[in-house]
Amino acid sequence: MADTPPLATLHRTLRRQFGFSSLREGQEEVIRSVLAGRDTLAILPTGAGKSLCYQLPALHLRGTTVVVSPLIALMKDQVDKLQELGIEAAQVNSALSAREEAAALAAIDEERSEFVFTTPERLTDPEFLALLRGTTIDLFVVDEAHCLSQWGHDFRPAYLALRGALEALGRPRVLALTATATEPVIEDIVRHLELVDPAILQTGIYRPNLRLEVVPVRSEEEKLAELPRLVANGGGTGIVYAATIKHCLAAHQHLAALGFAVAPYHGRLPARERQAHQERFMAGELQAIVATNAFGLGVDKPDIRFVVHLDMPGSLESYYQEAGRAGRDGEPARCVLLYLPADRRTQLYFLRGNLRRHRDDEKAALDRERLERMVHYGQTALCRWRTLLEGFGEPAEEALPEGRCCHCDRCERPLEAPSPPRADEGAAAVDRLPPPVGEADPAALTAGDALVLPVYGRGEVAAVDGEELVVAFADGETRRFRR
Ligand code: ADP
Ligand code: MG
Ligand code: ZN
């Protein structure tokens, strides 16, 4: 509030402490807002550099900065990085030995730590809170703040206790960070943290260095068959995401048998093995880590060159969060979704399981809607980036002045018209109508009906010609199908 350092001073710290030559889009605004003493909610895409948004201002604030982080692995990473830069940082969580914990608490007590990383659970411990109260806390950071919202995709009930911790600490200024920009999540963050007249700062989610790509497949076997090519042409280290441990193991085995340097990562591996595999991945020793979504929240490896999704995630939010781990260094990277229409059913099955546990119709409807937006992304005939931006309710024109990104699979290879029938094949060469998505009954379709076809995307029945349908698609193409 009182003495915000001039921009030149911030830039000096940026260069000297962090070795960066300039701030990225969005960072400066957030940093200024924090230094001005305002509660701030920063919504920046994965890879945008959210950590620097608290690290830089913290060095210009007298007291200690508390950083709440959902995962211990993530915390360790951040602490190691800061220590490498010669900045004192402590972590307090359940993974420490008694001796390590005593050392961390002493460092905090003596106000030797510029940063204290901890979990939301630990911030419910009265003794720990009392220790923090005895020091000057002038910035309270909630990283991955969407974990606080049950509308988000990584809900962590312990995050709801942060409000109490903030009270106990006398409400230092708050910086909440997330990549999730949907309205209900933003509202939840502001409400649950009781942010006071917060600055809500947001940059677009478009990341031009990410090449989005969907590869339609017809079976699980075909997914595995596509994998080696994608990993081999990945241009460096990448992540292969699977929706289940079973798929994770199958994909890992398949790639390992072909001689790829790969390692698995999922919740059923012993913690020590998971850690070892993550470390090999971070060190660039793997061509790919084959993982469930247990891997990645906050993984800070800037040079991930590709992210392949073996299975479709349950929402566009999850997809963007996971795929967005590629190319954080700004260099070109590929995000490939293997699209099997039947994966929608698997996700519906997961959703029904959730519903049985929570019984909440409103949330169920929202989850369904998010799944359908994901499905639409997989099926669209239009630019993938445009579909993604629109799926997040972002006006595409701003990021994509041409209305399309010009470098996704759809922009580069518009849907080919089906090959013309060969003379001896006659009518049999007209493709059979693939089962439409949703409830549409192929037998009952008439002119004017809207429908969504796997692979082809949204269309409208332009004409009915006996057993054949002419469908006009959103990309302006018309195609003929047998039903
Ligand atoms: P996020 O939390 O938004 O996903 P991170 O804070 O993990 O992103 O940062 C992603 C990468 O960008 C890190 O490797 C980080 O060092 C780098 N980075 C952040 N800010 C800058 C900057 N101003 N200039 C260059 N690199 C940066
Ligand atoms: Mg982060
Ligand atoms: Zn495009």
Side-chain angles (χ1 to χ4, degrees), residues 10-11 13-31 42-58 67-71 73-75 77-78 80-82 84-85 87 117 141-147 154 175-181 201-203 205-214 282 296-304 320-331 333-335 377 380-390 396 399-415 457 475:
L10 291 177
H11 274 277
T13 312
L14 181 70
R15 273 194 313 274
R16 292 196 182 157
Q17 283 284 357
F18 298 98
F20 298 145
S21 54
S22 60
L23 289 171
R24 289 184 179 161
E25 196 199 340
Q27 287 179 330
E28 185 178 324
E29 248 189 310
V30 176
I31 290 167
I43 304 148
L44 302 179
T46 306
K50 287 186 281 297
S51 313
L52 192 75
C53 293
Y54 63 80
Q55 289 172 348
L56 184 55
V67 184
V68 182
S69 192
L71 288 182
L74 174 62
M75 220 171 276
D77 234 52
Q78 300 277 13
D80 289 351
K81 282 236 165 80
L82 286 167
E84 271 167 35
L85 299 174
I87 300 167
F117 288 83
V141 180
V142 182
D143 202 4
E144 313 285 354
H146 59 275
C147 291
D154 286 309
L175 170 60
L177 298 165
T178 181
T180 303
L201 303 173
Q202 182 168 7
T203 60
I205 59 173
Y206 179 49
R207 291 182 42 208
N209 65 315
L210 299 186
R211 181 183 196 277
L212 302 181
E213 209 175 318
V214 176
M282 297 303 281
L297 191 58
V299 164
D300 183 14
K301 183 171 173 55
D303 57 349
I304 296 172
Y320 181 70
Q321 172 114 356
E322 289 162 10
R325 293 187 178 122
R328 287 182 176 204
D329 54 7
E331 297 297 318
R334 288 172 78 184
C335 308
Y377 172 86
T380 184
L382 302 176
C383 169
R384 304 281 178 202
W385 262 117
R386 180 177 173 162
T387 307
L388 196 134
L389 290 168
E390 287 174 348
L400 310 172
E402 294 183 50
R404 57 199 198 100
C405 76
C406 301
H407 58 85
C408 71
D409 64 306
R410 284 299 189 232
C411 285
E412 282 180 357
R413 278 181 279 111
L415 280 176
D475 61 354

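Indexing begins at 1, ligand by ligand and atom by atom, following the structure's order.
- Ligand 1 is approached by Leu23 to a heavy-atom distance shorter than 4.0 Å.
- With a cut-off of 2.8 Å, the Zn ion (ligand 3) has an N, O or S atom of Cys408 in range.
- Contact annotation for Ser21 and ligand 1: no heavy atom of the residue comes within less than 4.0 Å of the ligand.
- Surrounding CD of Glu412 are more than 12 heavy atoms belonging to other residues, nucleotides or ligands, all under 6.0 Å away.
- Between Arg410 and Arg404 there is no side-chain heavy-atom pair separated by less than 4.5 Å.
- Here CG of Leu74 is found 8.5 Å from CZ of Phe117. Values are rounded to the nearest 0.5 Å.
- A donor-acceptor pair under 3.5 Å is formed between the side chain of Lys50 and the backbone N or O of Pro45.
- The distance from ligand 1 to the heavy atoms of Ser51 drops below 4.0 Å at these ligand atoms: 5 (P), 6 (O), 7 (O).
- Distances from the Zn ion (ligand 3) show that Cys406 has no N/O/S atom below 2.8 Å.
- At distances below 3.5 Å, not a single donor-acceptor pair connects side-chain atoms of Arg386 with backbone N or O atoms of Ala396.
- Residue Gly49 places at least one N or O, backbone or side chain, under 3.5 Å from an N or O of ligand 1.
- Between the choices Phe20, Tyr54, Phe18, the shortest heavy-atom distance to atom 24 (N) of ligand 1 belongs to Phe20.
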Would you mind writing out the side-chain donor-acceptor pairs for residues 14-22 within the sub-3.5 Å range, not counting sequence neighbours?
none

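- The angle that Cys383 SG and Cys411 SG make at the Zn ion (ligand 3), rounded to 10°, works out to 110°.
- Near Pro45, with a cut-off below 4.0 Å to any heavy atom, the atoms of ligand 1 are 3 (O).
- Of the heavy atoms in Pro302, only side-chain atoms (C-beta onward) come closer than 4.0 Å to ligand 1.
- Heavy-atom distances between Ala179 and ligand 1 stay at or above 4.0 Å for every pair.
- Contact annotation: the side chain of Asp77 approaches that of Met282 to within less than 4.5 Å [non-hydrogen atoms, C-beta and beyond].
- Every atom of ligand 1 with a heavy atom of Ser22 under 4.0 Å away is listed here by number and element: 22 (C), 23 (N), 24 (N).
- Contact of the Leu44 side chain with the Leu177 side chain is not registered, since no non-hydrogen atoms from C-beta on lie closer than 4.5 Å.
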